[in-house]
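Here's the structure, in C-alpha cells; my notes come after.
Read the numbers this way: they start at 1 and go in the same order the structure lists the ligands and their atoms. Residues take their numbers from the sequence shown, with the count starting at 1.
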Amino acid sequence: MELSIIGSGYVGTTIAACFAELGHDVVNVDIDEDVVASLNDGQAPIHEPGLAELVERYAGDRLRATTDYDEILDTDATFLALPTPSNDDGSIDLGTMKAAATSLGETLARKDDSHLVVTKSTVVPRTTVDVIGPRIEEASGKRVGDGFDIAMNPEFLREGTAVDDFLSPDKIVLGAQTDRAYETLAEIFAPLVERAGNPPVVKTGISEAEMIKYANNAFLASKISLANDLANICKEFGVDSAEVLESIGLDSRIGSAFLGAGLGWGGSCFPKDTAAIIAAARAQGYEPRLLQAAVDVNDGQPERMLDLLRERFDLDGKRVAVLGLAFKPGTDDIRKSRAILLIQALLDAGADVVGYDPVATENMRERFPDIDYADSAADALANADAALVATDWDEFAALDDEFDAMRERIVIDGRRIVTRREGLDYESLV
Ligand code: NAD
C-alpha cells in the first residue's frame, strides 16, 4: 500500500522503515528539513538498534521523506505520529496535532478518492473523534465517513528496541468506527500479522484504542512505582529488594517484567502519559489516586539518591560523575531522564558535574551546555569525588579498576548495575 506518515521522530521513522520492510511504499512528512534530508540520504535521524540498516536499505526506494504535504495525495492512508507533549499543568498539548490535522485537511480537499487518517500518537480518549476528525472536516470540506475515515492505532514500541517491538508486537490494536476503516487497517497490517506469527489483533472503538494506550502505560508505570515502594521498604529493613522482587516476579499473576526497582521511570512517554491521563480524569471530575501515588513515588526516587550522597558530604565544590544520561539504555533520548533531575540538583548544590553516556551526550549537552562531558566512563570517574549511576548501560557492570582513579570512591548506584568490589564506598539506591 501507499502510506504517508506525518512526523518522523522516534515513532514516525521507526514505523516508516518497518512498513517499508513489510513491503509498503512509505513517505514521511516532517517540518524539520534536516530530518527529511537525513532520511533521503539513507540515514536514520535517531539512534535505534536496527533502524539505520532499514533506512539505508529502503531510502530512495520504498521509503522517502518530504516537507510537502501534497505527497500525501498519492497515498491510501496517513498515520499521525506527532508529538503530544504536556502543558504546564500536565494536561495534553494537542497544538501540533491540531495544526497537522488542519494541514492534512487542506491537502485532502484536493483528493478525489477516500483516505484513511490514523492517529498513531498517544492522545487522550475522544481526541481523534472530537478534535482531529472535525478539524480535517473543516479544512477539507469533507465529512468523516464520506471522503475520509478516521482510526486510532496506538503504538507500544519501546525506545531502544523500537524496531524489534514494532515487528514482533504482543498485540495490534485497531480502533475504528466503519467497516471500510477496519478493512484498510487490516490490509496495512496483514504483512505484519503474518510475519509476526499472528499476534492478537484487537478490533475496538477509536476512543477505546486511545484509552488502551494510557491504560497500558499507567499499569506499567505503576508496576515500577510499586516495585520502588516495596524496595524502599526493603531498604529500611536491610532486606535485599532484588531477591524479593525477583521472587514475586515468579508468580505468574505478577510477572517479572517492569518489576525492577531503582531511580524510577523517565522518558518521553510514562511521565507525560501518566500526567495527561491524570489531568484528563480530573477534568471529568474523577481523582485517580492510585496513579497520582505512582507519580509521587517516582518523583521521590532521585531525591532519595541525592540524600545518600548528602549523607556522605556537602555537595558544594565536589566533583560528581553522572554515569548514564539517556533515560534508559539503548537510546540517545534524554527526555525526562532521571539524570536531568540529578544534574540540576547537583548544580543547585554547587557541585561540579561531569556526565558520561555512550550515545546521549550530545543531547544532554543541549540541555546542560556548561557541565563537563567525558568520552568514557573511566574519564568521567577520574578525579571525581563520587559517581551517581543513573542509567543501566551494560558497560557500567564491567567497571572495575576505573574506580581507582576517583578521589573519593563513593558510588551511589541508582540501577543496581555496578559490580561491588573492595575499596568502594558503594551503596545501591534500593
Ligand atoms: P518525536 O518528538 O520524536 O517526533 C515528532 C516529529 O514530528 C519530529 O520529527 C517533528 O519535527 C515532527 N513534527 C512536528 N510538527 C510537525 C508538523 N506540523 N508536521 C509534520 N511534522 C511535524 O515524537 P515521538 O517520540 O516519535 O512521539 C510521537 C507520538 O508517539 C507521541 O504522541 C508519543 O507519545 C507517541 N509514542 C511514542 C513512543 C516513544 O517511545 N517515543 C512510543 C509510543 C508512542
### Task
Would you mind checking which non-hydrogen protein atom is closest to atom 16 (C) of ligand 1, with the distance to 0.1 Å?
L82 CD2, 3.4 Å
### Atoms of ligand 1 close to P83 [distance to a heavy atom under 4.0 angstrom, numbered from 1]
5 (C), 7 (O)
### Query
Considering only heavy atoms, does S121 approach ligand 1 within less than 4.0 Å through its side chain, its backbone, both, or neither?
both
### Query
Which is it for T122 and ligand 1 at heavy atoms under 4.0 Å: side chain, backbone, both or neither?
both
### Query
Between E137 and K142, is there a salt bridge with N-O shorter than 4.0 Å?
no
### Task
For V29, take its heavy atoms, then give the atoms of ligand 1 lying under 4.0 Å from any of them.
20 (C), 21 (N)
### Message
Quick one about N232 and R304 (side-chain donor to acceptor, distance below 3.5 Å, no hydrogens or angles considered), yes or no?
### Response
yes
### Query
Is the closest N or O pair between E159 and ligand 1 shorter than 3.5 Å?
yes
### Task
Identify, for atom 15 (N) of ligand 1, the protein heavy atom at the shortest distance, and state residue, atom and that distance.
T96 CG2, 3.2 Å
### Summary
Among non-hydrogen protein atoms, atom 25 (O) of ligand 1 lies closest to R335 NH2, 3.1 Å
#### Entry: Test of proximity, D32 against ligand 1: N or O pairs below 3.5 Å
no
#### Entry: Close-contact set for ligand 1 against K213 heavy atoms, below 4.0 Å
43 (C)
### Task
Among all protein heavy atoms, pick the one closest to atom 43 (C) of ligand 1 and tell me residue, atom and distance.
E155 O, 3.2 Å
### Message
If we ignore hydrogens and angles and just use 3.5 Å, is the side chain of E155 paired with the main-chain N or O of L157 as donor and acceptor?
### Response
yes
### Message
Under 6.0 Å between ring centres: does that hold for F19 and F189?
### Response
yes
### Query
With backbone taken as N, CA, C and O and side chain as the heavy atoms from C-beta onward, which portion of C269 lies under 4.0 Å from ligand 1: side chain, backbone, both, or neither?
side chain
#### Entry: Contact check, S8 vs ligand 1, heavy-atom distance below 4.0 Å
yes
### Message
Students should be able to answer this: which protein heavy-atom is nearest to atom 33 (C) of ligand 1, and at what distance?
### Response
K272 NZ, 3.8 Å
#### Entry: SB check R180 D149 (cutoff 4.0 Å)
yes
### Task
Considering only non-hydrogen protein atoms, determine which one is nearest to atom 3 (O) of ligand 1 and report residue, atom name and distance to 0.1 Å.
Y10 N, 3.1 Å
### Query
Should you measure from each heavy atom of Y69, which atoms of ligand 1 turn up under 4.0 Å away?
17 (C), 18 (N), 19 (N), 20 (C)
### Query
For atom 30 (O) of ligand 1, which protein heavy atom lies nearest, and how many Å away is it?
V11 CG2, 3.5 Å
### Task
Give the atoms of ligand 1, by number and element, whose distance to some non-hydrogen atom of S268 is under 4.0 Å.
41 (N)
### Summary
Short version for T84: what comes under 4.0 Å of ligand 1, heavy atoms counted, is both
### Query
Ion pair present between K235 and E427, side-chain N to carboxylate O less than 4.0 angstrom?
yes
#### Entry: Chi angles and distances behind the side chain to side chain donor-acceptor pair (under 3.5 Å) call for Y426, D413
CA-CA 7 Å; Y426 174 91; D413 190 349; 2.7 Å; yes
### Task
Dump the intermediate steps for side chain to side chain donor-acceptor pair (under 3.5 Å) on H115 and T78, then the final yes or no.
CA-CA 8 Å; H115 196 84; T78 302; 2.6 Å; yes
### Task
If you have a sec, work out which protein heavy atom is nearest atom 42 (C) of ligand 1 and how many Å separate them, to one decimal?
L157 O, 3.5 Å
### Message
Under a 4.0 Å threshold between the charged nitrogen and the carboxylate oxygen, would R110 count as salt-bridged to D70?
### Response
yes
#### Entry: Electrostatic pair R365-E362, nearest N-O below 4.0 angstrom
yes
### Query
Under 3.5 Å, is there a donor-acceptor pair between the T128 and T119 side chains?
yes
### Message
I'd like to know if E21 pairs up with R62 as an ion pair, taking the criterion as any Lys NZ or Arg NE/NH1/NH2 lying under 4.0 Å from an Asp or Glu carboxylate oxygen.
### Response
no
#### Entry: Those atoms of ligand 1 less than 4.0 Å from some heavy atom in I6
19 (N), 20 (C)
### Message
Looking at V35, is its backbone amide N or carbonyl O close enough to the side chain of D32 to form a donor-acceptor pair, meaning the two atoms are under 3.5 Å apart?
### Response
yes
### Task
Indicate yes or no: does an N/O atom of K120 lie under 3.5 Å from an N/O atom of ligand 1?
no
